[in-house]
Protein chains: 2
Amino acid sequence: MYFCSIEKYMTQSEENYLKAIYHLGRQNPGVISTNAIAEEMQTKPSSVTDMVKRLAEKGYLNYRKYQGVNLSEKGRHKALMIIRKHRLWETFLVEKMNFTWDEVHEIAEQLEHIQSEKLIDELDRFLSYPKVDPHGDPIPDRNGDVESRNSKLLSNLDINASGICIGVRDSSSSFLRYLDKNEIALGDRIYVMEKEDFDDSISVRIGNRNLQLSHAIASNLIVTQELE
Amino acid sequence: MYFCSIEKYMTQSEENYLKAIYHLGRQNPGVISTNAIAEEMQTKPSSVTDMVKRLAEKGYLNYRKYQGVNLSEKGRHKALMIIRKHRLWETFLVEKMNFTWDEVHEIAEQLEHIQSEKLIDELDRFLSYPKVDPHGDPIPDRNGDVESRNSKLLSNLDINASGICIGVRDSSSSFLRYLDKNEIALGDRIYVMEKEDFDDSISVRIGNRNLQLSHAIASNLIVTQELE
DNA sequence: ACATATTTTTAGATTTGTCTAAATTTTATG
DNA sequence: CATAAAATTTAGACAAATCTAAAAATATGT
Ligand SMILES: [Mn+2]
Ligand SMILES: [Mn+2]
Ligand SMILES: [Mn+2]
Ligand SMILES: [Mn+2]
């Protein structure tokens, strides 16, 4: 619970840093290093230091010199609101604007910075309160709550096990187009038939088709073994 | 016809200047002064000079020192594309997002800078190719063509004449809310019953209601006497 | 026409976000 | 533990867009 003083809008750059820091925090919890942020943001560590100081100043980050950062409660909430917008816009683009799932990310990167709470809540309603975006990533609700799911990487399933594909870890255009080409879609049940020790590739069955998937592919597909 | 070299994106600020210059050119054709642009953009003449030089450099404006500017063909086309986006987004917000016509302008000012031709063409389709925005302003098509309409200001109609309200000259929230409060809407036929010499106010009839409108109001309502 | 007012441009400063290069701190290693 | 390597921060510069104050050009009035 934080005080809602008359906060000025953040710049797009500030918002992008917060989002990057949130994502890095998910990948490996704990404190996040300057270098990691620089890598994620495709910029220099010195630029990161500057921005990190500003965000800490404004209360979005906890920061100790040379020790890295993590998000404050206020920063976490803000990051989740940006991610909510990003994923709702991606859903809009696919559901209503005839975009494919590999075309939406760049445009959502722009749209996520539009400032209007009403717009985003109306968009949510218009899309019938979707739970996940076109890539299977969960959409935080207006309070910043995200449904957590019991998920695994396909590459970690045992032989003879199966799971329903619910997301992708890498949502680059090239990976998404690979999946399209091989007719692998979210919602498909994937059975692991064989695992090759030599290169960690796996044989899977989807519907009535058998496919050979490299480790690079299998380790980027997220599956669930729970009932929905 | 201009060559489509690999143009970098314009900044939002550059786009806003182009739009302002376009609007000023409509208001009184000919050359546009630095001061007029500064007034429209709520900034200082010196800032205008800087920006005008850059836009001229890039071929969007014709500019001679101390002589003012006007849009080149390339600049006019670019301005129309931004206006197209603005008005399509306003239409979207009213038609699909439950916004009222007095709430949409500020958000459209943000959305008009989103860069995606496909998105804007899909939005056009999604909205069934609207001809006008929620304020009655015509929406340029994807080639930059705008339907011109035969319009007058209500204040210029003769006694006993009538016209259909097709637009507003001032689309500030306060004016739009005044119209809502007095149940004056686009599409209404307005009859001029009486004109008061003293203060230029007029008596009108809309449906079965009689209203007294000040000159300030009547001179901001656009009507047409043509059949649609 | 020519002094005065107005408009426009220039010069120099500021803010945001970035960069490179150098300095500092932390971490790893013999 | 001392020293080398790696990570991080500082210092100083730059580009975009803005500002104020001053200079230059244009317009106006008698
Ligand atoms: Mn995305
Ligand atoms: Mn996504
Ligand atoms: Mn508008
Ligand atoms: Mn409008």
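Labels below follow one simple rule: chain letters A, B, ... track the order of the sequence lines, proteins then strands, and each chain is numbered from 1.
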Could you state the atom-to-atom distance from [atom1] of [X] to [atom2] of [N] in whole Å?
X: R64(A); N: dT8(D); atom1: CZ; atom2: C1'; result: 14 Å
X: E14(A); N: dT16(C); atom1: CD; atom2: C1'; result: 9 Å
X: Q12(B); N: dT18(D); atom1: CD; atom2: P; result: 11 Å
X: I37(B); N: dT7(C); atom1: CD1; atom2: P; result: 14 Å
X: L55(B); N: dT18(D); atom1: CG; atom2: P; result: 11 Å
X: E15(A); N: dT16(C); atom1: CD; atom2: P; result: 16 Å

Does [N] have its OP1 or OP2 closer than 4.0 Å to a side-chain nitrogen or oxygen of [X]?
X: K53(A); N: dT9(D); value: no
X: Y63(A); N: dT9(D); value: yes
X: N35(B); N: dT8(C); value: yes

Quick check, are the ring centers of H105(B) and H135(B) under 6.0 angstrom apart?
no

Using a cut-off of 4.0 Å between protein heavy atoms and nucleotide atoms, how would you tag nucleotides 18-25 of chain C 5' to 3' with B, S and -?
BBBB--BS

One thing to verify: whether [Y] and [X] come together as a salt bridge, which I'm taking to mean a side-chain N less than 4.0 angstrom from a carboxylate O.
X: K78(B); Y: E73(B); value: no
X: D141(B); Y: R84(B); value: no
X: E112(B); Y: R87(B); value: no

Counting only N and O atoms by type, is there a donor-acceptor contact under 3.5 Å from the side chain of S219(B) to the main-chain atoms of H215(B)?
yes

Parallel, tilted or perpendicular, judged at 30° and 60°: which one describes the rings of W89(B) and F92(B)?
perpendicular

